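One structure is given here, and the rest of the page talks about it.
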Amino acid sequence: MMLLDLSRHTVRRNIAPYVGSFVALFLGVTLIALTVEMITAVAEATSRLEPGDTRTRLQLDDLASMFGVMSGFSGFIAIFVVASTFSFVVSSRRRELGLLRLVGATPRQVRRMILGESLIVAAVASLAGCVFAHLITPPTLWLAHERGLTPMKLDPPSFWPTLAIAFPLGAVVALIGARSAARRASRIPPVDAMREAAVERRRMGFWRLVVGLLCLGGSLTMLVTMGAVTGELSLVLGIFAPEMLVISAVCFGPWLFPALARLIAWPLVRRGDVTIRLARDNVAASAKRTASLAAPTLAISAIGGSLLLTLGIAADWDHAINQQYLNAPVVVQGGERTGTALATSPAVKVADASASTSITLIDREGERELEDAQTVDVASAVAARGLTAVRGSLGDLHGHTIAMSESYAFDSGYRLGSTMRVAFGHSKPVDLKVVTVVKSAPSLYGDLLLPPGLVAATPDRWFVIPQPGVADPVSTINASLRGTSGHAESADAWLAATDADLRKNNTFALWVLLGPSGFYAALAIANTLLMGSLQRHREFVATRLIGATERQVRKVVLWESALVTAAALAMGAIISATVAVLVGRSLGSGLDGMPIDIPWLGLGAIGATCLAIATVAAVAPTTFMLRRVHPSQAAE
Amino acid sequence: MTTLTDPEPGRTTTRTDAVVLDGVTKTYTSKAGKVDALRGITHTFGASTFTAVMGPSGSGKSTLLQCAAGLDRPTKGTVLVAGTDLAKLNEVELTTMRRSTMGFVFQSYNLLPALTVFDNVALPLRLAGVRPRRRDVLAALTDVGLDGHHGRRPAELSGGQQQRVSIARALIAQPQVVFADEPTGALDRTTSHQVLELLRRSVDEHGHTIAMVTHDPVAASYAHSVIFLEDGLLVGHLQHGTATQIAAMMSELER
Ligand SMILES: Nc1ncnc2c1ncn2[C@@H]1O[C@H](COP(=O)(O)OP(=O)(O)O)[C@@H](O)[C@H]1O
Ligand SMILES: [Mg+2]
């Protein structure tokens with residue numbers, strides 16, 4: 001009781017250090033709450049949908065899961081950001097906390113007090129974030145529709161799901177963030193009340209060590225697995241391994257980042273001026289602060305970098321697969337009459353029709369899920385699209401049977417010989433036997449393949465092998481398609497267009513998934529640096545007193561933030577590169593060749609943005625403070 | 001619950017030794033090397049005595065105080081406070097011991113800026129889980145001459161007033177011994193005099209025990225006895241010395 005009372009008092013009077021935590025948490029909760037609102041809006045729209053509107057339903061489902069992933073990323077980044085700010089609160093109040101210990105507070109009491117204060121801040125910030133998110137949901141929904149993200153204009157949802165989900169999530173994020181800060185606060189010895197400058201010892205807490213080692217172990221397992229497996233499992237691991245690596249890097253941060261910064265500074269110090277040397281020593285000596293500053297940058301650069309690389313490699317893989325398996329030199333897209341025209345054209349040897357449809361899968365619990373499927377004619381698909389069985393036999397694909405890609409089989413857990421219950425449109429469900437598992441080639445034939453005759457599907461694309469001896473197949477076929485909506489192009493042109501399309505979708509997905517959390521991370525990095533700089537008022541003044549010019553102090557600060565950011569980016573690059581190499585190797589195995597197109601531009605943009613934000617956010621407050629102080633104040 | 005105005009006579013005098021140091025050694029080890037801050041100190045701070053610890057800067061005065069108060073653990077030797085061996089206590093037991101038997105006063109007043117004067121003084125009791133009686137806290141403030149200031153914040157007080165608040169806080173739980181490190185280091189002559197008078201009075205009238213580090217002979221002359229430190233060793237002792245005598249001894253030792 002008493003401690004909460006003290007917490008309330010101290011929060012009220014020590015608002016300044018908590019402003020940073022408040023801002024960080026408020027923004028984080030706003031982001032999470034916003035995604036919850038979007039998901040609710042999507043869910044409400046889905047429940048109002050006509051039962052037959054399967055297309056829109058499928059689109060809305062995808063959208064909901066995308067928002068889910070997005071809020072996951074936001075929450076993840078928020079934990080680090082909020083933890084950093086709480087850690088600053090504790091280090092800026094070192095003396096005060098030491099004093100509390102001195103006049104009789106037990107370590108437990110100090111820990112509870114910090115947790116209490118954090119909870120008060122968290123409650124206010126979370127509530128504010130939820131309300132703010134609810135206010136900005138209508139314009140966000142409008143924008144999402146305007147940008148083509150949602151298939152229809154969604155109505156603003158009710159507020160209660162947001163409050164019920166985002167508010168406690170905010171509190172959880174704050175608690176996780178405050179935990180280690182509070183623990184650290186409780187370890188401040190009472191003598192610190194008497195010390196002017198306390199050098200923090202880098203002793204590692206037990207839990208930090210455990211979590212760090214567990215995550216390191218977990219991520220190493222994932223990395224090893226990624227090296228061993230082939231195919232799309234490595235893509236999934238490639239999405240999760242970076243988060244684990246980030247957590248373990250942050251746990252070992254107080255050793256890792258100063259060491260990295262030292263290494264980066266080494267060539268600079270050898271020929272640089274005194275400010276670089278001073279900056280390096282500051283960064284190395286205040287290990288905890290360095291780690292706190294580096295954490296948000298590391299989180300966003302590692303996750304953004306590896307997602308960018310992984311998605312790029314997935315596109316490279318898709319392209320390589322298509323190139324390897326597509327035998328048909330001509331691709332035709334068109335409508336109903338195109339098929340007839342192709343069948344009668346003398347220039348065509350094989351016209352392999354691809355007809356998409358959506359089917360409803362019904363699992364054992366009766367849960368229904370919509371999936372895309374294609375009907376294929378096995379003989380022509382083998383000839384034109386290089387359809388290859390991995391298990392089972394393609395010859396069995398007739399009657400009540402189904403084929404699936406290797407990666408779908410892996411994801412869904414269906415095996416050769418299992419039975420799938422499927423409904424087509426409104427008709428009665430039927431049981432289909434899985435008779436073959438084929439090589440994955442998502443752009444060529446999707447994940448689920450049905451024999452012809454099972455369901456009526458209209459073809460919209462044909463992979464065409466011309467008769468031998470036809471001189472210019474593309475123009476010849478185009479000529480025979482005159483009068484229909486069909487259009488033929490060379491396989492290379494189609495491959496290029498498909499690739500470009502996929503990459504465009506990837507870019508879009510990246511923006512949706514990482515845009516908000518990236519924006520949040522940017523604000524948070526600025527916020528953290530601001531807190532860090534404001535805390536060092538006395539130190540800056542003292543440095544001025546011993547004869548440093550204002551310019552020199554500014555340069556030291558500039559170098560410090562550059563070194564910290566560079567260390568974080570270096571670690572982020574190492575994580576991204578490791579993940580990318582493993583994903584690339586694992587996807588590329590079994591292919592004749594997979595040229596990798598590294599998205600240097602995007603990666604460079606992440607790094608440059610982090611550096612730019614760090615520089616401005618560190619130097620601006622310093623300049624401001626230096627302008628208002630005079631060296632004589634150091635004597636106070 | 002006892003208060004400053006209502007002392008229990010004889011409570012602290014039943015034990016004659018408030019703090020006993022026996023062969024206390026303290027060596028700081030850092031990257032730069034080892035520093036022997038204390039090199040075998042044996043001394044007894046008797047109950048109801050006011051002892052000044054003097055010595056040049058870096059002689060180990062603060063270290064001595066910190067070891068005696070259990071804020072730091074000696075490398076070798078034992079420290080007994082009110083008969084308890086501090087080495088046998090863990091961090092939580094030390095804290096509980098500290099809040100019931102020790103008070104602290106420092107050069108920088110070390111008040112919590114967020115709390116009022118009243119709450120600052122009452123804080124040690126609250127941390128100990130005792131509900132402070134308003135009457136007791138106000139009496140403690142009256143005792144240090146701060147009638148009617150209980151509602152203010154530390155920032156609204158002068159340096160001398162803040163130091164008196166921290167003395168009231170140090171004495172509120174009726175500690176066996178008060179440790180003071182340069183309590184007048186940041187004060188002018190007149191306010192120093194008030195603060196030192198206050199400390200002396202609390203020993204003479206209420207039977208408290210005080211160990212005070214200082215480098216000022218005038219401040220040391222308020223104490224019953226003065227011990228001299230140099231280079232981590234006890235090098236001298238003076239009973240009831242005047243400021244002039246103490247200063248003379250200091251300069252003799254420094255020679
Ligand atoms: N935390 C510490 N780490 C290393 N050396 C220390 C530490 N505290 C004090 N010292 C050293 O111990 C010696 C005694 O210090 P101190 O007790 O503070 O002296 P005084 O209070 O008499 O000025 C000094 O040489 C000082 O440099
Ligand atoms: Mg000292």
Side-chain angles (χ1 to χ4, degrees), chain A residues 1-18 89 92-114 116-117 120 183 186-202 281 284-285 287 538 635-636, chain B residues 30-31 62-63 65-67 69-73 90-116 119-132 153-155 159 166 169-170 172-173 175 179-182 185-186 213:
Chain A
M1 203 52 238
M2 145 70 199
L3 278 177
L4 197 64
D5 197 46
L6 185 63
S7 297
R8 199 166 49 79
H9 263 93
T10 44
V11 173
R12 228 188 24 226
R13 295 285 301 184
N14 290 332
I15 280 297
Y18 275 109
V89 172
S92 71
R93 290 169 59 194
R94 216 180 159 73
R95 277 188 77 150
E96 184 195 329
L97 296 171
L99 176 66
L100 271 174
R101 291 278 287 110
L102 187 70
V103 298
T106 58
R108 210 172 126 104
Q109 284 175 318
V110 170
R111 203 178 68 221
R112 290 231 185 121
M113 189 186 91
I114 294 290
E117 291 183 8
I120 292 172
R183 203 167 272 283
S186 73
R187 278 201 296 264
I188 293 176
V191 244
D192 276 16
M194 313 162 60
R195 289 198 180 131
E196 278 300 328
V199 175
E200 285 197 49
R201 272 180 302 168
R202 287 188 233 176
D281 293 344
R538 280 177 84 105
E636 270 177 13
Chain B
S30 63
K31 273 188 206 146
S62 298
T63 308
L65 207 70
Q66 286 165 17
C67 286
L71 295 172
D72 217 340
R73 300 211 186 247
N90 66 23
E91 192 55 39
V92 175
E93 289 164 343
L94 256 181
T95 305
T96 340
M97 161 112 191
R98 209 154 38 225
R99 66 187 176 204
S100 58
T101 58
M102 303 178 206
F104 295 91
V105 182
F106 296 115
Q107 172 171 358
S108 46
Y109 325 115
N110 271 325
L111 301 175
L112 289 181
L115 304 183
T116 60
D119 287 333
N120 261 294
V121 173
L123 187 59
L125 295 178
R126 287 192 167 136
L127 287 170
V130 177
R131 199 182 169 77
R153 307 263 179 205
S166 71
R169 182 182 63 192
I172 188 77
F179 296 100
D181 195 346
E182 311 254 9
V213 162

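Keep in mind the model is a prediction, meaning the values are calculated, not measured. To find a chain, count down the sequence lines: A is the first, B the second, and so on, and within it residues start at 1.
- Atom OG1 in A/Thr106 sits 12.5 Å away from atom CG in B/Leu94 (nearest 0.5 Å).
- Side-chain contact between A/Val103 and B/Arg169 is present, with at least one heavy-atom pair separated by less than 4.5 Å.
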key: Audit row: A/Leu99, B/Leu111, side-chain contact (heavy atoms from CB on, under 4.5 Å) steps and yes/no   = CA-CA 8 Å; A/Leu99 176 66; B/Leu111 301 175; 5.7 Å; no

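- Of all heavy-atom pairs spanning A/Pro190 and B/Arg98, the tightest one is CG-NH2, 3.2 Å.
- Scored by the side chain to side chain contact (heavy atoms under 4.5 Å, CB included) test, A/Pro107 finds A/Arg101, A/Ser186, B/Glu91, B/Val92, B/Thr95 as partners (sequence neighbours excluded).
- Atom CE of B/Met102 sits about 10.0 Å away from atom CG of A/Leu102, to the nearest 0.5 Å.
- Under the side chain to side chain contact (heavy atoms under 4.5 Å, CB included) criterion, B/Ala170 pairs with B/Val105, B/Val178, sequence neighbours left out.
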